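Everything numeric in this text was worked out from a predicted model, so none of it was measured. For reference, positions follow the sequence shown, starting with 1.
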Amino acid sequence: MPCGREEHPACRTSRTTGTVGSGARARWRGSVALPGVRQLANMECVLLRQCFFLQRSNHTRHSHLTGLRHKSIYSFRALHPHPPASQPSSVQLLGKNQQALVEPGSKIQLLQEGSSQDEELEVEGGGGQDSVEAESLKLLEWLPVCQQVSRFASTHMARDICRKGCIPFGRNQKESEKLLEQTASALLIPSSLDFSGVVDVSTILRSVMAGDVLNVSELCMVGKLLSSSKRVYDQLHNCTPAASPAEVCKSQPKTGPVSSSRSTSSALAPLLSIMENANFCTSLVQSLNMSLDSSSLAILDTASPNLLAIRASRKENMKTLERLLLEIGGKVVAAGGMDSVFVTTRRARQCVAVRASHKHLLPGGVVLDMSNTGATVFMEPKAALELNNNEVQLASKERAEESLILEWLTQELADVAGDIWSLLEKMTHLDLACAKAGHGRWLSSVKPIFSLARDFGGKQDKGVSEGSNAFWVYIEGLSHPLLLEQTLLRREEQEDASFPVPLDFKVKSSVRVIVISGPNTGGKTASMKTFGMATLMAKAGLFVPAKGMAVLPWFDQALADIGDSQSLEQSLSTFSGHIRRVCRIMEAASYKSLVLFDEIGSGTDPSEGAALASAILEHMADHACLTIVTTHFSKLSSLTDQRFEGNQMHWT
């Protein structure tokens, strides 16, 4: 069945075919829709969404099938076009964040455990390069900004997402606004949430779903996660929020600051909504606490009545055995067989030490070991034989009972593994919201406001009015977070450092193409990249580093051609590299897209380049939401089309 959602750019270059359950076949482009599973919005985000999708790779002639599970486990089977009859298809468990290399032309069958429903995919094409949107994120330096956010994350999961540049974007404006509300809500928390103990148990959960029995340490880690998550939730639920975001982070009048009269539940509702329907598995926690000692990593006597009885019998048997051996050892010493009583364990049996020359003192005894010199032997007296046998048997029973307890606890955990996965994701999401708030506080950022999406039919956009002009982009004093970072870090080291020159962006509602011209090293590209970064940050729920208000549209993707696209490996000159990338951008852009062209039409004859650039911009004015270009061509700056506007950047 078709996905039923907007196609994600990461999937546009792959085509799949599929069958669902009944065997009805349909064709679609994009990611695969599984029952109860949401579609992934960001190709690189692997934790906060649950789905299967095809990911392109430019390193091999393969496609990647990545599986993320929610409340059920999936496996995949590679179905070769003509497999030998004697060779069964390979089956592999596909767990969280795991990938499988799929040969082009092969088929993939996804099987949901415990269900007759399946998904069959046919990979029609492999190879190719990463999506143009993923390349654009790299050109706009999204990864370093995500790594900035990682400094404020508390959990390993959130830090890992940030360090990989995988902070998820909202799939639509409503979802991005929800992310921004969560960030604003996190700014109201008077003291940081204590995420200590919220550990990554994804590997443990994969082992459970693979049928492995967990050991004491692994079970205790899961119990630690559940208890710590409950503590974080209670801390969040019981805390008293600050009166307004302005008290902890600079804000602007139109963001709707939280008044002091608002209740805790209302002010923190966006964060609390993350934890909605969270299952802290209290029954499992009680079982773990009753059965395991997390400090010594041992199974408690209270784990089961049988274990308690076995250990009591073993303890009594051992006391009797020790008394007997001490008595025999005393007789050996009295007879000159040793200088002092020495009771020890050899080959898992209790014994006494005696000089080799006095072995006759223990008639019928068994020599279990001897010293390095051979002067001393360690003997099990005949009288201790039965007690030692009892000890071995009871120890074996204890191990068997402990194994049963671990199996029972593992099964109890497996029954709620989906809820634990969900809780782990919720805690990561909560930590990400707090990390975004910390990042915004560090940069003194403001909460952006989205203007309404553009309507090519002529509908008026919601924006900002200034005199007789209506602006749908209105940002005051915007700075790039990477430039701000350099200044802030130097100032933390007590060094003199000036802040970067802030930029004002004011775009009229009728404008769809902005042409920035000026001399080299004048800041054209930096200005364009700063705006592009602001749109990405707002889309991901990050506050933007501006001095005043920040109003901007929501873009479904930011597509950029920045820098030299020359490639000797692919036999591309500077000009052909640019044109190749521009063509890919033109193909991928939608009426909701932001397009950024750096030095458009460069690398060839100026007159030809200007004509080509004009034609490209005319096309983008009709097919993209907003296009920003830098150029040295005066012809582009003097275009009379009302949808074009030039020389919009002013440095003060």
side-chain contact (heavy atoms from CB on, under 4.5 Å) evaluation trace for His439 with Leu542: CA-CA 8 Å; His439 182 260; Leu542 288 162; 4.1 Å; yes

Using atom types as modelled and distance alone, determine if a side-chain donor or acceptor of [X] lies under 3.5 Å from a backbone N or O of [Y].
X: Ser185; Y: Glu181; value: no
X: Ser422; Y: Asp419; value: no
X: Thr155; Y: Asp200; value: no
X: Lys506; Y: Val473; value: no

Under 6.0 Å from the six-membered ring centre of Phe543 and within 45° of its axis: does the NZ or CZ of Lys447 meet both? no

Do [X] and [Y] come within less than 4.5 Å of each other through their side chains, counting heavy atoms only?
X: Asp431; Y: Met157; value: no
X: Leu137; Y: Leu536; value: yes
X: Arg231; Y: Phe280; value: no
X: Ile514; Y: Thr627; value: no

With the threshold set at 4.0 Å, does a side-chain nitrogen-carboxylate oxygen contact exist between Arg584 and Glu135? yes

If we ignore angles and hydrogens, is there a donor and acceptor under 3.5 Å between the side chains of Ser136 and Arg581? yes

Pair Thr530, Ser527: side-chain N/O donor-acceptor within cut-off below 3.5 Å: no

Which heavy atom in [X] sits nearest to a heavy atom in [Y], and how many Å separate them?
X: Lys436; Y: Ala540; result: NZ-O, 2.7 Å
X: Asp504; Y: Gly477; result: OD1-N, 2.6 Å
X: Ile204; Y: Val222; result: CG2-CG2, 3.9 Å
X: Gly532; Y: Leu596; result: CA-CD1, 4.0 Å
X: Trp472; Y: Cys625; result: CH2-SG, 3.4 Å
X: Gln235; Y: Ser192; result: NE2-O, 3.1 Å

Sequence neighbours excluded, which residues qualify as side chain to side chain donor-acceptor pair (under 3.5 Å) partners of Glu141? Lys529

To the nearest 0.5 Å, how far apart are CZ in Arg159 and NZ in Lys164? 13.0 Å

Sequence neighbours left out, what passes ring pair (Phe, Tyr, Trp, His ring centres under 6.0 Å) with Phe531? Give chain and number order. Phe505

